[in-house]
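Side chains are part of it too, since the values below use all heavy atoms of this structure and drop only hydrogens, waters and symmetry mates. When a residue number appears, it is its place in the shown sequence, counting from 1.
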Amino acid sequence: MAEAGGRAAQLKSSGLRHGWTTGACATAATTAAFTALLTGEFPDPVVITLPKGQQPAFALAVEELGGGRATAGVVKDAGDDPDVTHGALVRATVALGAPGTGVVFRAGPGVGTVTKPGLPLPVGEPAINPVPRQMMRDAVAGVAARHGGAADVVVEISVDGGAEIARSTWNPRLGILGGLSILGTTGIVVPYSCSAWIDSIRRGIDVARAAGRTHVAGCTGSTSEKVAVAEHGLPEDALLDMGDFAGAVLKYLKRHPVPRLTIAGGFAKLSKLAAGHLDLHSARSQVDKGHLAELARRGGADEALAAAVGAANTGLEAMQLCAAAGVPLGDLVAEGARATALGVLTGSPVAVDVICIDRAGTVVGRAAPAGPGVSR
């Protein structure tokens, strides 16, 4: 029987335990609190549905009901990932809202507020990212349907000690003030940041080669993986969940080549690869706005635009500025990432193309296949 590959096999082979995002914890707390508000009882454990259909159960650490509101709390378990929010208590306080208002989000103690542009949320909004917001909206709608209530509520998310924890993150530099962000696109924390995950990448390449695959994709996360599959129709055992470890993929492929590699990832992470970084983790490399400004100049940006790119709050803001001016910064980042990859792969028969996406999974830049075996 052929050995399984892909994201699930990598996690299994790493021997690491996955965890839950702050977004999943906030959704579980919201579900429990709203259920108690409607029924008078807290479900414990509380079961939620994640974006990919998994249904984990969460134990409650806090249950408070009275005064027209309910509060539930869940302790975050990040698994074997060295996450600064591991062990944090995530609370949701739910109260009924005005009819027709839907779910209104508020930042409680320890959750930040957006104060600068360039993030996936408007200035002034609680730092609760789009996917966790949708998870909570879906959960509220489900509870309302089960218990005959209206899905018009005010949800306040807080994290005990979040303001202090946030000092060790990039939130203050990004203009997220007052606490942490509520994050997560799948609800699951995959433990990338250790040697075991690098070993799992190598195993994934071995599995792909053993299966006779001639094309593999190194993806920074689940969204870019979906795009790579949609673009190229690759099977699961050709998908490498490289996370932040672009260097691990490239160095192993140099010694154990596959004819074609697609690199797919978010604009900000791939801008780091374009600048020559092989470890894309935020603790070890940062988006170089000066490098983005130089790329923008190469793409036709005038000095005013280049200066604005260099002063941008985030890579996303830099990309948006260039897009508005018709400067193909996404393509330039993709081409730079491809150049870095081909530099690592020098002497090995691997052609590389790059797909650069935004947070929603929209393709914002491409670099066509280049390298050995590619006709020009």
Side-chain angles (χ1 to χ4, degrees), residues 192-193 197-198 201-202 204-205 208 215-221 223-225 227-228 231-232 239-299 301 306 309-310 312 314-316 318-319 322 327-358 363-374 376:
Y192 294 125
S193 304
W197 195 256
I198 294 175
I201 288 172
R202 295 168 180 164
I205 293 171
H215 185 178
V216 297
C219 307
T220 59
T223 303
S224 56
E225 185 177 277
V227 172
E231 292 270 329
H232 298 298
L239 302 174
L240 306 172
D241 188 356
M242 72 179 184
D244 295 314
F245 298 115
V249 170
L250 295 169
K251 291 172 184 177
Y252 198 70
L253 278 176
K254 182 180 176 69
R255 302 192 302 274
H256 308 276
V258 172
R260 182 170 171 187
L261 167 67
T262 294
I263 296 173
F267 174 86
K269 283 191 183 291
L270 293 192
S271 77
K272 299 178 187 180
L273 184 60
H277 297 288
L278 299 181
D279 186 338
L280 311 182
H281 193 281
S282 60
R284 295 178 287 277
S285 63
Q286 297 303 314
V287 175
D288 185 342
K289 260 65 79 65
H291 181 252
L292 289 179
E294 180 54 36
L295 289 180
R297 289 187 185 94
R298 294 180 203 171
V309 169
T314 63
L316 175 63
M319 183 183 69
C322 287
V327 175
L329 188 59
D331 290 338
L332 294 163
V333 162
E335 290 166 7
R338 182 186 62 190
T340 297
L342 288 172
V344 176
L345 292 164
T346 297
S348 188
V350 181
V352 179
D353 67 285
V354 177
I355 304 171
C356 186
I357 64 171
D358 64 13
V363 176
V364 297
R366 296 178 186 272
V374 177
R376 296 181 182 277

Quiz item: Going through the checks in order, is the side chain to side chain contact (heavy atoms under 4.5 Å, CB included) test met by Thr314 and Phe267?
Solution: CA-CA 11 Å; Thr314 63; Phe267 174 86; over 6 Å; no
Practice problem: Give the intermediate values and the outcome of side chain to side chain contact (heavy atoms under 4.5 Å, CB included) for residues Asp353 and Glu231. | Solution: CA-CA 12 Å; Asp353 67 285; Glu231 292 270 329; over 6 Å; no
Quiz item: Please walk me through it: do Lys272 and Asp244 pass side chain to side chain contact (heavy atoms under 4.5 Å, CB included)?
Solution: CA-CA 10 Å; Lys272 299 178 187 180; Asp244 295 314; over 6 Å; no
Quiz item: Where do Asp279 and Phe245 land on the side chain to side chain contact (heavy atoms under 4.5 Å, CB included) test, with the steps shown first?
Solution: CA-CA 5 Å; Asp279 186 338; Phe245 298 115; 4.3 Å; yes
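Checked against side chain to side chain contact (heavy atoms under 4.5 Å, CB included), Arg202 has the following partners two or more places apart in sequence or in another chain: Ile198, Asp199, Tyr252. Scored by the side chain to side chain contact (heavy atoms under 4.5 Å, CB included) test, Ala208 finds Arg213, Val216 as partners (sequence neighbours excluded). Annotation: ring pair (Phe, Tyr, Trp, His ring centres under 6.0 Å) contacts of His291 (sequence neighbours excluded): none. The side chain to side chain contact (heavy atoms under 4.5 Å, CB included) test applied to Arg297 returns Ala293, Glu294, Glu303, Ala306, not counting sequence neighbours.
Formation of a donor-acceptor pair under 3.5 Å by the Lys289 side chain with backbone atoms of Ala312 is found in this model. With hydrogens and angles ignored, the 3.5 Å screen pairs a side-chain donor or acceptor of Thr340 with a backbone N or O of Leu273.
Residues Val309 and Cys322 share a closest heavy-atom pair of CG2-SG, 3.6 Å.
Looking at Arg260 and Val350, their side chains never come closer than 4.5 Å, going by heavy atoms from C-beta outward.
Under the side-chain hydrogen bond (donor to acceptor under 3.5 Å, both in side chains) criterion, no residue pair touches residues 343-352, with sequence neighbours excluded.
Rounding to the nearest 0.5 Å places CG of Asp358 at 5.0 Å from CE of Met319.
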Which pairs of donor and acceptor atoms, one on a side chain in residues 328-338, lie under 3.5 Å apart (sequence neighbours left out)?
{"unit_1": "Asp331", "atom_1": "OD1", "unit_2": "Arg366", "atom_2": "N", "d": "2.8"}
{"unit_1": "Arg338", "atom_1": "NH1", "unit_2": "Ala368", "atom_2": "O", "d": "2.6"}

